[in-house]
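Chain letters run A, B, ... following the sequence lines, proteins first and then strands; every chain starts at 1. When reading the values below, keep in mind they use all heavy atoms of this one structure, side chains included, and skip hydrogens, waters and symmetry mates.
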Amino acid sequence: MVTDFPYPRLGRHALDLMRLIREFESRLAGYAAAGLIRGSTHPGVGMEAVAVGVAIALRTDDTIASTHRGHAHCLAKGAEPGRLLAEIFGRSDGYCGGKGGSMHAGVAPHGILGTNGIVGASIGVATGAALAAQLRGQDNVSVAFFGDGAINQGIFHESLNLAAIWSLPVIYVCENNQYAQSAALRDMVANPDLTARANAYGIPTHAVDGMDVAAVYRAAASAVGRARTGQGPTLLVADTYRFLGHMVGDTEIYRDSAEVDRWRARDPIPRLTAELVERGLMGPDAVETVERAATQLVDQAEEFARRSAAPPVATAYLDVYQPDVHQEAR
Amino acid sequence: MVTDFPYPRLGRHALDLMRLIREFESRLAGYAAAGLIRGSTHPGVGMEAVAVGVAIALRTDDTIASTHRGHAHCLAKGAEPGRLLAEIFGRSDGYCGGKGGSMHAGVAPHGILGTNGIVGASIGVATGAALAAQLRGQDNVSVAFFGDGAINQGIFHESLNLAAIWSLPVIYVCENNQYAQSAALRDMVANPDLTARANAYGIPTHAVDGMDVAAVYRAAASAVGRARTGQGPTLLVADTYRFLGHMVGDTEIYRDSAEVDRWRARDPIPRLTAELVERGLMGPDAVETVERAATQLVDQAEEFARRSAAPPVATAYLDVYQPDVHQEAR
Amino acid sequence: MTEHLAIWRALNAALRDALAADDRVFVMGEDLTKWATGGGIYGVTKRLADEFGTHRIRDTPISEEAIVAAGVGAAIQGCRPVVEIMYSDFSLLAMDPIVNQAAKTRYMFNGQFQVPLVIRSNGGSGIGKAAQHSQSLETLFAHIPGLEVVLPATPDDAYGLLRTAIQSPNPTIFLEHKALYNVRGPVRREPVPFGKARVACEGSDLTIVATQLMLHRALAVAARAAETGVYLEVIDPRTLYPLDLDTIARSVAKTRRLLIAHEAPRDFGFGAEIAASLTEQCWDHLDAAPVRVAGARTPIPYAEELEREVIPDEDDLVRAIAQLVPTSAGIRTSQS
Amino acid sequence: MTEHLAIWRALNAALRDALAADDRVFVMGEDLTKWATGGGIYGVTKRLADEFGTHRIRDTPISEEAIVAAGVGAAIQGCRPVVEIMYSDFSLLAMDPIVNQAAKTRYMFNGQFQVPLVIRSNGGSGIGKAAQHSQSLETLFAHIPGLEVVLPATPDDAYGLLRTAIQSPNPTIFLEHKALYNVRGPVRREPVPFGKARVACEGSDLTIVATQLMLHRALAVAARAAETGVYLEVIDPRTLYPLDLDTIARSVAKTRRLLIAHEAPRDFGFGAEIAASLTEQCWDHLDAAPVRVAGARTPIPYAEELEREVIPDEDDLVRAIAQLVPTSAGIRTSQS
Ligand SMILES: Cc1ncc(C[n+]2csc(CCOP(=O)(O)OP(=O)(O)O)c2C)c(N)n1
Ligand SMILES: Cc1ncc(C[n+]2csc(CCOP(=O)(O)OP(=O)(O)O)c2C)c(N)n1
Ligand SMILES: [Mg+2]
Ligand SMILES: [Mg+2]
């Protein structure tokens, strides 16, 4: 177990990333209202510490497989806000040329194997990416992000077992935000201790405070260390919360605002800020600098995304197959 | 937990059933060689105590969902050997008119919801049968039989979680015969204690000696009692062994004969016999009576099955839908 | 007086009436009782839990395979489960219980068991849900012996076909269309039989067979065509299996031309079955080869411009009609 | 001298050659190394573990969904996985990774990732494996944009198409036929391109398009027909996607008649696509409607008499041919 968070080296970086994500995600409802976003959009406001705590423990060539609620993972792993937002807007400068959107955004050079519209699917894909690393003798590791809802999918079970018997370099990161859409975790499992599931497979596991980026980082770095040195998979269960609805438009009738407030009081951003200030790594005035930087980055991203052209319709027929000749074969 | 096996009431019955199953299953290779059986046939020789120990804890209106290795479950639950064998021979007097065969034999009046060709599928079907009992306010219980191979299927995971949160009256009986086809359990799981999987879902569980029909019965009766009184599901893991190959034709290159011999020394039939003799519930001479009765029953079954006619070809088109009018609609 | 309802509400009414009529009926699926709509992703189960309790309107974990498998087991044991799969794309996670269990149980066991299971879900594109929430998978199910496949396009059919599906002793795949939930129309509250196509618009110049979104587009085009003296007969098969080929054949005998429109990819799609069957049955009546207008061989892309491109629109229909009926050149395209 | 091999052995050779040629290739599936055949349920991986190690020939738990999903992830990350699914019926457990992930990954991410995954399995009936081990599911896959679908029928094609599948950058569903593994024939050890049909027998009176078991039956009938002066042209498309319609169209232009034979249920089966496409392309050349001879709309029953009944045999082909080619009345049936 990595014993402490390297505040001097990573603290400010983590804060900047969390603030960027917060700003980015907070604007999505407005963009949707303005007609800039179609379909479903799932913001991760409140959950920034999990994405960031894990991502900063990774190298660029380590991979992540993400979920429907994946913007934070992408940004933390190095995606440019502008190109990500352009994808969410369905524009030609989006990472996927507008074909994927929020639920299918991938960034190959940053090892972002994609957000995913199928709850649980990230778990299987990440397991396979870890298998590739093992087979090819590479020391990069693979991360699967998924929610507390996804743990009840068969793929969770099958994949963790596979990773266990093959000692695959994969870290399973369960973002337990207490709800799967409208379903409270307490109603959907009889044993709310999700780490018990890892024991079933003989996989090491840690429960971690998902509102504390330092705690997440420590657990992740330790799991990454194990994976990188051939010691196999780990399941991390990060307790967290989404401050907003499940998706843009959710009226949240399944939970009361007192509960939301209790969790908001544990907001990971002020917590890290206070820690950095206390440690003298940041002046109190820098708080505003951090916020301004985030605002500016997302302003720029928005401008970039808004200006980006609609994708040419001919691209709709490309990249179904490679080469695109099969289209002609028919 | 039921404290003891009711030897006087059930001992001889259990022995008769186990002997019947042993005789029935032992003949299948011969029938296959004689061209009487097509496709795959999976005998359960050695595993009789699990089928019988569970079945005698059940009522007729309790249901079982079984596997590819399911003849023993069917016979223990009350199927007539003749009609079951006729099904395995693909004859018109078979329980399914020859349409199902060994892997798809069901007997509605005895609550036998069918053997199944999909590893793991019994688990899901049995969970649904339990849900029906709960919804309809009936006190019958449902049993899923499945192997150590099936526990790595997603349906195991999803179903046990569902049964746990809904407190369904279902008993999950894992027949851990140490192998899934050629795959040794030790290679396919990192934690060989399969009961740990129940803890993940908050389901009570018992490991039981599957070569001891009394032990199986006690565990099953206790689980049935819980299920029948609304206390929810149980996972039983019965350690057992198949004395023969995975299916007729298996050359068993994946295990050595010393291992087989070690398990054969734990044969559940002599064990129960000795127990009954020791308790004065059976004379030593009755051993032969039991054997003869089994031989005779299977002789009769064979005669019945051999004499049964091939199914009329017109039946191939029936019972795809009810009424069969859809066939005409096209 | 006949009620006018949106499709989602007609479905809601059908569920309510079925739940009230038969206590073996129950509903299960994800987010049925506490979601923002008041009932399921598109509101179809709204308020049903208030009336029938969470015992019969059951919120499930995200476990599509187990939910459908539990539906199969419950159906075998005498219940009439209605399982909601949030998007039909997720039914791919439940193909074993659907195809290997539900569809085959009656047959394998020679009629000893029946599986009166309904799987309700939605397919179709058009609202930016992208590749994993927009597929039209009906052909997959129609190809499987043992399954019934229903594609309602109007409120009255939504109500009537759902009642029939719940009464059916066979497993039924009931695929709503996500872009049509708010289409309003009269609802008679009568069961609609399976295997009877509906002639949605009579005409003499061309037979168009179309389902769901394509039906509505075809009807719009037919209305404009009539202005120019071209009369299109538009037929909604309503159920892909059982499939009412006779009604289509009768129409083709009259019009001598056939066009099939669907949203699923054309390749190996259900339009091929209709074209092939009708060609066999109506060879001597056809003046031209049946034409299919259908989805491109692509996943559904996210961006609006791209999504529109890969799904047939009214102009695609007009062009195909022009190819089959030379006198139809005057039909206005949607832009004009 | 060209080798003569059984199909299973040709596949084994293709795997061996692919493993030797490219160290990104690996194989995984259930019972690949320790089963009685020496390699997989029908022996296809025999001895490969001795040569390439259990690192590259991997026995997996019974977890079809995770195995295929792991194949997808490994393919994205630069491996060339060949996943064996013991029977194609079990691929229904892996439809999410196949359809929602593998087939769509390249497209959704705009070409950033590719999924050079091969899923090998077997379909078909004929040996008493009953309803859950005998399905012919190729049409399901052919309907999904993004997938390639291969149906080898001869040892040479088995070898050559498998080499091509492993080299393909796209996800490929490679469906062997369980009743043909022991069919022997010459093997050139050359890749066979996708999308090129093979004219297995030239003729002038009727075009028969047939795959796998039906191909062999059609060839047997064609041989007998030739004795009576009726010449059947038999075409094996070999890949359903990409589908070589041109070769079929050229043949139909010559024969003016088309029969399609497959083992999968006729309803909504791939024969409908071939019939519909060819009718469109060859309307002016066809003297009769294309006819399909295919499986009944039933699950596959266990008993021999029943299983034979629901799958087309040579006599069914002879009868259909007689319908299309009146001069063919003299072809012997298999009994005569
Ligand atoms: C297979 C599948 N089932 C259902 C859905 C619909 N759905 C999308 S997100 C979601 C809730 C997921 O909950 P969780 O895994 O806890 O992630 P969270 O949204 O809380 O981040 C559901 C039910 C889906 N996308 N895929
Ligand atoms: C979904 C599925 N995958 C694979 C198979 C092939 N298969 C049949 S039995 C078997 C082994 C099952 O092992 P286990 O569950 O332990 O039962 P046992 O045979 O030991 O009784 C396998 C792999 C199958 N029938 N279904
Ligand atoms: Mg959650
Ligand atoms: Mg076993």
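- Annotation for D:Leu306 and B:Gly97: closest pair CD1-O, 4.2 Å, computed over non-hydrogen atoms.
- In this structure, the portion of B:Asp187 lying under 4.5 Å from any heavy atom of chain D is its side chain and not its backbone.
- Note that NE2 of B:His68 and NE2 of D:His133 are 9.0 Å apart. Values are rounded to the nearest 0.5 Å.
- Across all their heavy atoms, D:Ala303 and B:Arg38 have their closest contact at C-NH1, 3.9 Å.
- For the 3.5 Å distance criterion, the side chains of B:Tyr321 and D:Arg297 qualify, holding a donor opposite an acceptor.
- With a threshold of 4.5 angstrom between heavy atoms, B:Phe89 approaches chain D through N, CA, C or O but not through any side-chain atom.
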Taking it one step at a time, do B:Leu318 and D:Thr298 satisfy side-chain contact (heavy atoms from CB on, under 4.5 Å)? CA-CA 8 Å; B:Leu318 299 180; D:Thr298 72; over 6 Å; no
For D:Trp35 and B:Asp250: C-alpha separation, side-chain torsions, deciding distance, then whether side-chain contact (heavy atoms from CB on, under 4.5 Å) applies. CA-CA 8 Å; D:Trp35 178 235; B:Asp250 179 4; 3.5 Å; yes
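- With 3.5 Å as the limit, one finds a donor-acceptor pair spanning the side chains of B:Ser182 and D:Asp31.
- Counting all heavy atoms, side chain and backbone alike, D:Lys129 lies closest to B:Met103 at O-CE, 3.9 Å.
- Of the candidates D:Ile62, D:Asp59, D:Thr60, D:Asp59 is the only one forming a side chain to side chain contact (heavy atoms under 4.5 Å, CB included) with B:Met188.
- Between the OH atom in D:Tyr302 and the CD1 atom in B:Ile37 there is a gap of 6.0 Å [rounded to 0.5 Å].
- A side-chain donor-acceptor contact under 3.5 Å links D:Glu64 and B:Gln153.
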